[in-house]
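Scroll down for the structure; my scribbles are underneath it.
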Amino acid sequence: MDKYNKMRILFEQYSNSEKAIEMSKYMRNMFKFYGIPTPIRKSLYKDFLKEEKQSKQVDWNFLNQCFQDEHREFQYLVYDYLIKLNKFLSYEDISKIENYIRNKQWWDTIDFFDQVIGTIGLNDPRVDSLMLAWSKDPNFWVRRLAIDHQLGRKEKTNSKLLEQILVNNLNSEEFFINKAIGWALRDYSKTNPEWVRKFIQSHKENMAKLSIKEATKYI
């Protein structure tokens, strides 16, 4: 039996119909769930991911099968798999990951994949140009990922790139964009509060109140 079907059977064994309804409702009934809480779900494939990491190569066929599954837990598995094997990902793999990013979109997966792309970007400067391009993409989820792909970088944050990406998304009426702008600034304010203060001062007239509220939480 292949890896995907083994995982499917495992998920089915731990499914919970009541929780599945709750989880689906939380996601506005856009996705179907097995109803497996996050700690349990991760424990189910913890050893599997360790084995996959030992292979030192990403099984894209397996990931594609998982992502095509109608259950949201399989999309979460794709993310956890990529994070576990992040050292084996390269810039050339982004075209494959982009397929996941542009499909079955909602904040839960987008906010996962920005970490995957951000990790690749720490090792390959070509990602900077790509994120600048994505910051102007017609799809606001792709723009959101570009905005937040540097979260958690602290001193390694490319502030010039961050500024360019944020400016490209000012004057937006999209909640998820304005929220992301605030998060990006709030996160960087922990490392460079003065930079964030100056950015807000320079662009305040074009920033949503939500962005400013989020950005100034710690300053």
Side-chain angles (χ1 to χ4, degrees), residues 1-16 19-20 23 27 31-131 133-134 137 139 141-142 144-146 148-154 156-158:
M1 187 181 296
D2 63 27
K3 290 184 284 189
Y4 162 72
N5 281 302
K6 285 182 180 179
M7 195 60 60
R8 178 179 57 79
I9 291 173
L10 191 59
F11 280 167
E12 289 175 352
Q13 290 175 345
Y14 285 83
S15 63
N16 183 312
K19 287 189 178 296
M23 294 168 78
M27 290 296 171
F31 309 106
K32 187 175 181 179
F33 284 83
Y34 281 113
I36 306 173
T38 299
I40 296 176
R41 168 174 52 81
K42 290 190 173 185
S43 69
L44 292 179
Y45 50 68
K46 181 179 180 181
D47 291 338
F48 167 74
L49 293 185
K50 286 183 178 179
E51 293 175 2
E52 289 295 294
K53 187 175 183 180
Q54 291 175 357
S55 72
K56 298 182 180 181
Q57 59 182 3
V58 177
D59 186 342
W60 294 104
N61 181 59
F62 167 71
L63 293 183
N64 289 338
Q65 286 181 291
C66 289
F67 203 83
Q68 289 168 9
D69 192 284
E70 63 180 344
H71 295 88
R72 199 59 165 168
E73 284 90 347
F74 268 108
Q75 279 90 68
Y76 299 154
L77 170 55
V78 170
Y79 161 75
D80 287 329
Y81 185 111
L82 292 173
I83 287 297
K84 188 68 174 181
L85 278 73
N86 66 81
K87 65 166 60 177
F88 307 114
L89 295 174
S90 67
Y91 180 84
E92 287 70 28
D93 291 320
I94 294 180
S95 61
K96 304 183 187 74
I97 300 170
E98 185 177 354
N99 180 57
Y100 307 145
I101 293 169
R102 292 186 180 274
N103 289 282
K104 302 184 179 183
Q105 294 175 311
W106 197 239
W107 61 263
D108 56 335
T109 53
I110 293 298
D111 292 352
F112 287 158
F113 287 122
D114 59 21
Q115 183 180 355
V116 175
I117 299 298
T119 300
I120 297 174
L122 281 173
N123 301 311
D124 195 320
R126 290 178 293 176
V127 173
D128 292 354
S129 297
L130 181 61
M131 291 300 98
W134 281 16
D137 196 277
N139 187 300
W141 288 116
V142 175
R144 178 181 169 95
L145 187 150
D148 284 342
H149 84 281
Q150 292 195 82
L151 288 179
R153 284 191 181 180
K154 299 180 180 179
K156 294 182 180 180
T157 299
N158 183 333

Nearest atoms (heavy-atom pairs only) where [X] meets [Y]:
X    : Y    : value
A146 : H149 : O-ND1, 2.8 Å
L82  : L89  : O-CD1, 3.7 Å
L85  : Q57  : CD2-O, 3.6 Å
L77  : C66  : CD2-SG, 3.9 Å
I97  : V116 : CD1-CG1, 3.9 Å

Can you check whether [Y]'s main-chain N or O pairs, donor with acceptor, with [X]'s side chain at less than 3.5 Å?
X    : Y    : value
R153 : G118 : yes
D148 : L151 : no
N103 : N99  : yes
T119 : Q115 : yes
E73  : Y34  : yes
Q150 : N158 : yes

Close side-chain approach of [X] and [Y], heavy atoms under 4.5 Å:
X   : Y   : answer
K96 : N64 : no
F88 : K53 : yes
V58 : E52 : no
D80 : K42 : yes
Y14 : L10 : yes

I'd like to know whether Y100 forms a ring-ring contact (aromatic ring centres under 6.0 Å, His included) with Y79, so could you lay out the CA-CA distance, the side-chain angles of the two residues, the decisive distance to 0.1 Å, and finally the verdict.
CA-CA 10 Å; Y100 307 145; Y79 161 75; over 10 Å; no
Can you tell me how far the [atom1] atom of [X] sits from the [atom2] atom of [Y], to the nearest 0.5 Å?
X    : Y    : atom1 : atom2 : value
I110 : I101 : CD1   : CD1   : 6.5 Å
F31  : R72  : CZ    : CZ    : 3.5 Å
M27  : W107 : CE    : CH2   : 4.0 Å
I40  : I36  : CD1   : CD1   : 8.0 Å
K3   : D59  : NZ    : CG    : 3.5 Å

Pairing residues for W141 by the ring pair (Phe, Tyr, Trp, His ring centres under 6.0 Å) criterion, not counting sequence neighbours:
W106, F176
Lys/Arg N to Asp/Glu carboxylate O, [X] vs [Y], below 4.0 Å:
X    : Y    : result
R8   : D69  : no
E51  : K84  : no
D114 : R144 : no

A quick test of your reading: do over 12 heavy atoms of other residues, nucleotides or ligands sit less than 6.0 Å from NZ of K46?
no
Given the rule in the side-chain contact (heavy atoms from CB on, under 4.5 Å) test, do Y91 and V127 qualify, once you have shown the distances and angles that lead to the verdict?
CA-CA 7 Å; Y91 180 84; V127 173; 3.7 Å; yes
Can you tell me how the ring of F67 sits relative to the ring of F113, calling it parallel under 30°, perpendicular over 60° and tilted otherwise?
tilted
Hey, what's the ring geometry for Y45 with F11, parallel, tilted or perpendicular (30° and 60° as the breaks)?
perpendicular
Determine, step by step, whether D2 and F62 satisfy the side-chain contact (heavy atoms from CB on, under 4.5 Å) criterion, reporting the C-alpha distance in whole Å, the side-chain angles of both residues, the deciding distance to 0.1 Å, and the verdict.
CA-CA 9 Å; D2 63 27; F62 167 71; over 6 Å; no
Could you walk me through whether Q75 and F112 pass the side-chain contact (heavy atoms from CB on, under 4.5 Å) test, one step at a time?
CA-CA 10 Å; Q75 279 90 68; F112 287 158; over 6 Å; no
Can you see whether Y76 engages D108 through a side-chain donor-acceptor pair at a distance of less than 3.5 angstrom?
yes
Start with the C-alpha gap between W60 and D93, add the side-chain angles, then the distance that decides, and say whether side-chain contact (heavy atoms from CB on, under 4.5 Å) holds.
CA-CA 10 Å; W60 294 104; D93 291 320; 3.7 Å; yes
